[in-house]
Each structure stands twice: as C-alpha cells, then as structure tokens.
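Working notes, structure below.
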Amino acid sequence: METPQAIRGTQDIFGAEAEAFAHVVETFERVRKLYRFRRAEMPVFEKTAVFSRSLGETTDVVSKEMYSFLDRGDESLTLRPEFTAGIARAYLTNGWQQHAPLKLATHGPLFRYERPQKGRYRQFHQLDAEIIGAAEPQADVELLVMADQLLKELGVSDGVTLMLNTLGDGASREAWRAALVDYFRGQREALSEDSQERLERNPLRILDSKDARDKVFLADAPKIDDYLNGEAQEFFGRVTSGLDAAGVEWTRAPSLVRGLDYYRHTAFEFVTDRLGAQGTVLGGGRYDGLIETLGGAHTPAVGWAAGIERLAMLVGEWHPLPTEVVIVLEADSLVVVTNYLAAKIRRRGYSCEVVSSGSVNKRFEKSKKLNPLVTVIIDDKVDSIDGDFNARFKYSANVDCDRPDLMKYLTEELERKYFQNDGYDGDYFASGQDMVFSFESSR
RNA sequence: GCGAUCGUAGCUCAGUUGGUUAGAGCGCCGGCUUGUGGUGCCGGAGGUCGUGGGUUCGAGACCCAUCGGUCGCCCCA
C-alpha cells in the first residue's frame, strides 16, 4: 500500500512552528478585540464570479492562480484566493449594510495555484481586517494603527517598516496610469520582456520591477503626486497626520502599487528584508470600488491581510509554557492515585502530564525531558523505620520555580485532602537543581 | 509557466577517482548500572540508497526521464 503524498504547496505544521502559528492567531484575536472588530466566518469557496469580477480579469490571480472547478451542477466554483471579495459578497448577501460602518476580522486558509517557495504556499493562511462602509480617512488610520500594534505585540516590528502610498481617487489613478503608459511606451523597446507585457496588462507594476533594464527609467516616470486632485491630497494628508498622532512610523513609497484592480487612495505594505523574496508581511488599502463590481451600492471600504506563515517565521520558534506538573508513577499498583491526582490538578487549572509506561528509568528520563515546574512521584516503597507506609508522595520543584500558588496547592491542599497527612514529615533536602519534599501516607 | 539546486534509516547527515554483506549521531524499544534518577554500558528494531529506464563485468555514486523538496523569476500575504 503506497502512502498518498500531500498536495504540492500544502503544509503539515507541527511542534514549535505550530505553536508560533497559534501564537500569531491568538495575538490577532486579542488585538482585534481591543479595536472592537467583530468576528466573521465565511465559506472557503464561492462562485467563481465573486473573485473574477472583483479582482480584475487580467490580474494574475484570476487569470492563472485560482483553484477553480466545476461542481456536480456544472457550476464554476473557486477556492478563495483572498478574503476581501468573499467578505464583500457576504456583506451584500446578508444585508450587513444595516451594521455599517462595519469592522470585521477573520482568519483562515486561502488558495492560490502557484509554485511554492519560502513564505509562499498553495494553501496559505491570513489574518484579515476590514472596515466596510466608511469613507473617512479615520478608518484607514484605525486599521493601520491596529496593524502596527499587532506587529509590535508579536515582537516582530523590528526591521519591519510601513510603506505607505496613495493611488488617489478613481480619476487621479486613471490619469496617472495613462501618463505612465505614455511614458513607458516611449521606451518600450528598452524595457524588459516582462515589463513590455505589463505595459498592456498592468502598467503600474512596472514601477516595482526588479529588472535593471526597467529601473533606469523609474526615476523619471510620472509621479502619482502630480496627478492627485485636491480631495485626494487632503485625504492622504489626514491619513498621515492620524498615523503621526498615534505614533505609528511610516515611510512614503511613491511607487508602491497593489496588485489587485480594486484599490483606491491608501495603499500600504509592512515589509521586511528577513524573509527572502517574500518581503510583504501585511498589506492592504482602500477599495472604494469593489462592492459596486459585485452589484452593490457604492460602498467605501478599507482592509488589510497578513500572512500567518510569514508572521510565524518572524516570530521564530515558539514554545508553549512548560508543563506545570508531571506525575511519575513509580509503583504500578498505585495507578489510580495518578488518575486521581491528574484529574484534580487539571480541574484546578494547572497543566499536568502523567508518565506511567516503560521502565522506571525511562519514566524518569521522560519526565526530565518534559522539564516540568514540579515533579510528583507516586511510590510505594516501604522504607520507613516502622514500615507502616504504603504510599509515598514526593515532589521536587525547580529551585527557580517562582510559583507559590502552585507550591501551596500541592503541599497543603492535595497532600492534606488525599493523604490526610499533617504536613511535611521532615524529609526535605536539596538535590542538584531541585528542592525535594517528601510525604508519606500512613495507615 | 520559467530557472537553479537537492532527494541515502523516524530525524540530521557520512559514504573516497563507480568495486565485496550501505555507515554514524540523535530518536525509538529492551537489559544492566546509577539509593530522588535528563548519567554510563550492552543489545535490538528500522534503508528495494525518491521512482523508472540506460551506460558498465559491476552504480547510492555516471547519463536520461519522471516525481517530490528547497530557493529564485513572474505574481503576491
């Protein structure tokens, strides 16, 4: 029987990486509540039109990266390549207009048919935050400040910079785009093959080409600032002054454009040079035109998405808190004692692991590897002078264990309730790194 | 879709200019040792050397194809 392989570009995440992944999500959940964003869940697949119409037919995402298939009714469905389009559809379908302006947060898997590489997968995961039905720059500011706080709380903000730009309103953007096409047409033959292609499909993209043949023309290319009308300028000014007031650092990136057609005004990316070719860790912008393309009324909105895998890589290995208590069963006849104690300890809210298989030697090896705060040993050695003990309950705590609550619980409550002892029996000594306390129950 | 690079035990890797029964460390299992015990010693399980062809008296090592991983281009989080 041959084991089927996992699909290319999917990942099985485990251990420290999985902990880092969970840590990113948990931090996002916590921060999103601080900003009072409401949680939403959407399907992972939609009718293909949801994405093809909103993202722009000519974008690479739509033209070659979507996971599309026909269902049994011959309807074309697509695994979501991004969140925004699906959220916009849900907003219209469910009448969420009544909640506008609506602050939404979600996270989960997305799918794109691409060659995998560092920080890029066919099934990848994003955090997502959107404000729908808010035309004011204030919404952009709130979203950016939240993103900034998220990165800071994750401890990854060092070396990550906020690149900020404006694409102006629809009219500004079109005028700029036309000027760029004009300009680059003049140099057409000198451009890279990729950029000659971009000239027809997505001229804004030429601006962040990595090809040296293109870079020489960038300095003299038309600037968006020259095409912004007064309104667009004022909008951008309010965004930047809001960020300054909130203490969020940013860098103007006049050639920053976003890949999808629906962006207007604010566009931004938090980038780092620590992730190889995939420098963008969080990106987004304003998409005032999107909801109309799905048949809704004109609805201004802003949002961003962040790659969980990329954030997790910046976070690095993340280890869960150490096990608080490990119970080592040394005498198999007393197995019920471990069941009793473990249940009690866990119900009390302390993490606990039981080691009760393998040779006694292996059990201690295992417990040492778990590196617990406290080790509890269940033993039936009859080694007292009068020989009337039938169970012994010892625990050893790391000398540095700064958990008086846990120590108190174990010494006083458990020991008294279960063993009906009077307390320490005087057997108390230091062994290496551990303080060892020993209790014995008498009958 | 394009390019580079890699693919030997569960994991990390050695395997000399192609030459007898393919190795180590870690991990796992067992035994002994260690009188509070992540030590030491002994033993064990586990590999069709990604797969399929080819060259050769002989290939894990050379060639071709294919699959997969990694990194990059395109694009994007």
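Quick note on labels: first sequence line is chain A, next is B, and so on, each numbered from 1.
Atom C1' of B:G10 sits at a distance of 8 Å from the matching atom of B:C28, rounded to the whole Å. Rounded to whole Å, the separation between the C1' atoms of B:C76 and B:G1 comes to 16 Å. Between B:U5 and B:C64, the distance separating the two P atoms is 12 Å to the nearest Å. Taking atom C1' in both B:C42 and B:U8, one finds a spacing of 28 Å when rounded to whole Å. Rounded to whole Å, the P atom of B:G50 lies 16 Å from the corresponding atom of B:G69. Going from the P atom of B:G68 to that of B:C29 covers 35 Å, rounded to whole Å.
There is no side-chain donor-acceptor pair under 3.5 Å between A:Asn165 and A:Tyr263. A side-chain donor from one of A:Gln11 and A:Glu309 sits under 3.5 Å from a side-chain acceptor of the other.
Nearest heavy atoms, A:Gly86 versus A:Phe51: N-CE2, 4.3 Å.
For the atom pair OG1 of A:Thr323 and CG of A:Leu373, the computed distance is 9.0 Å after rounding to the nearest 0.5 Å.
A heavy-atom distance below 4.5 Å is found between the side chains of A:Val145 and A:Tyr35. Looking at A:Leu143 and A:Phe37, their side chains come closer than 4.5 Å, going by heavy atoms from C-beta outward. Proximity of A:Glu269 to A:Leu282: side-chain heavy atoms (C-beta onward) are nowhere separated by under 4.5 Å. Counting heavy atoms from C-beta outward, A:Thr338 and A:Ser356 have side chains that stay 4.5 Å or more apart. The shortest distance between side-chain heavy atoms of A:Arg30 and A:Leu150 does not fall below 4.5 Å. Counting heavy atoms from C-beta on, the side chains of A:Leu92 and A:Thr299 never come closer than 4.5 Å. Contact annotation: the side chain of A:Phe69 approaches that of A:Phe45 to within less than 4.5 Å [non-hydrogen atoms, C-beta and beyond].
One can place CZ of A:Arg205 at 13 Å from P of B:C73, the figure rounded to the nearest angstrom. One atom, CD of A:Glu82, and another, P of B:C75, lie 18 Å apart when rounded to the nearest Å. As a whole-Å value, the separation of A:Ile206 CD1 from B:C74 P is 13 Å. Following rounding to the nearest Å, A:Leu314 (CG) and B:A77 (C1') show an atom-to-atom distance of 12 Å. Note: CD (A:Glu130) to C1' (B:A77) measures 13 Å, nearest angstrom. Atom CG in A:Leu150 sits roughly 13 Å away from atom C1' in B:A77 (whole-Å rounding). Put simply, OH on A:Tyr263 is 10 Å from P on B:C76, counting in whole angstrom units. One atom, CG of A:Asp194, and another, P of B:C76, lie 12 Å apart when rounded to the nearest Å.
The side chain of A:Gln5 has B:C67 as its nearest neighbour among B:C76, B:C67, B:C73. Listed nucleotides B:G68, B:U70, B:C71 differ in distance to A:Pro116; the shortest reach to its side chain belongs to B:U70. With B:G68, B:A77, B:C74 as the choices, the nucleotide that has an atom nearest any side-chain atom of A:Arg120 turns out to be B:C74. For A:Gln117, taking side-chain heavy atoms from C-beta onward, the closest of the listed nucleotides B:C71, B:C75, B:G69 is B:C71.
Nucleic acid contact class of A:Tyr121 (heavy atoms, under 4.0 Å, all strands): base. Nucleic acid contact class of A:Gly119 (heavy atoms, under 4.0 Å, all strands): base. Counting non-hydrogen atoms under 4.0 angstrom, A:Arg198 reaches the backbone sugars and phosphates but no base. If you check every strand for non-hydrogen atoms under 4.0 Å, A:Gly15 touches nothing.
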I'd like a list of close polar pairs between nucleotides 48-50 of chain B and the protein, N/O only, cut-off under 3.5 Å.
none

Please write out each protein N/O paired with an N/O of nucleotides 1-5 of chain B under 3.5 Å, distance rounded to 0.1 Å.
unit_1	atom_1	unit_2	atom_2	d
B:C2	N4	A:Arg115	NH1	3.3

Could you run down the sub-3.5 Å N/O contacts of the protein with nucleotides 32-34 of chain B?
unit_1	atom_1	unit_2	atom_2	d
B:U33	O4	A:Asn361	ND2	3.3

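A salt bridge links A:Arg213 with A:Glu193: the closest approach of a Lys/Arg side-chain nitrogen to an acidic carboxylate oxygen falls below 4.0 angstrom.
Legend: residues meeting salt bridge (Lys or Arg N to Asp or Glu O under 4.0 Å) with A:Arg188, ordered by chain and number and at least two apart, are A:Glu200. Residues satisfying the ring-ring contact (aromatic ring centres under 6.0 Å, His included) criterion with A:Tyr287, sequence neighbours excluded, are A:Tyr262.
Screening A:Arg80, A:Glu82, A:Arg122, A:Met66 against A:Arg112 for a side-chain contact (heavy atoms from CB on, under 4.5 Å) leaves a single residue, A:Glu82.
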Q: Using Watson-Crick or G-U wobble pairs with both distances under 3.5 Å, give me RNA chain B in dot-bracket, 5' to 3', with [ ] for crossers and | for pairs to another strand.
A: (((((((..((((.....[...)))).(((((.......))))).....(((((..]....))))))))))))....
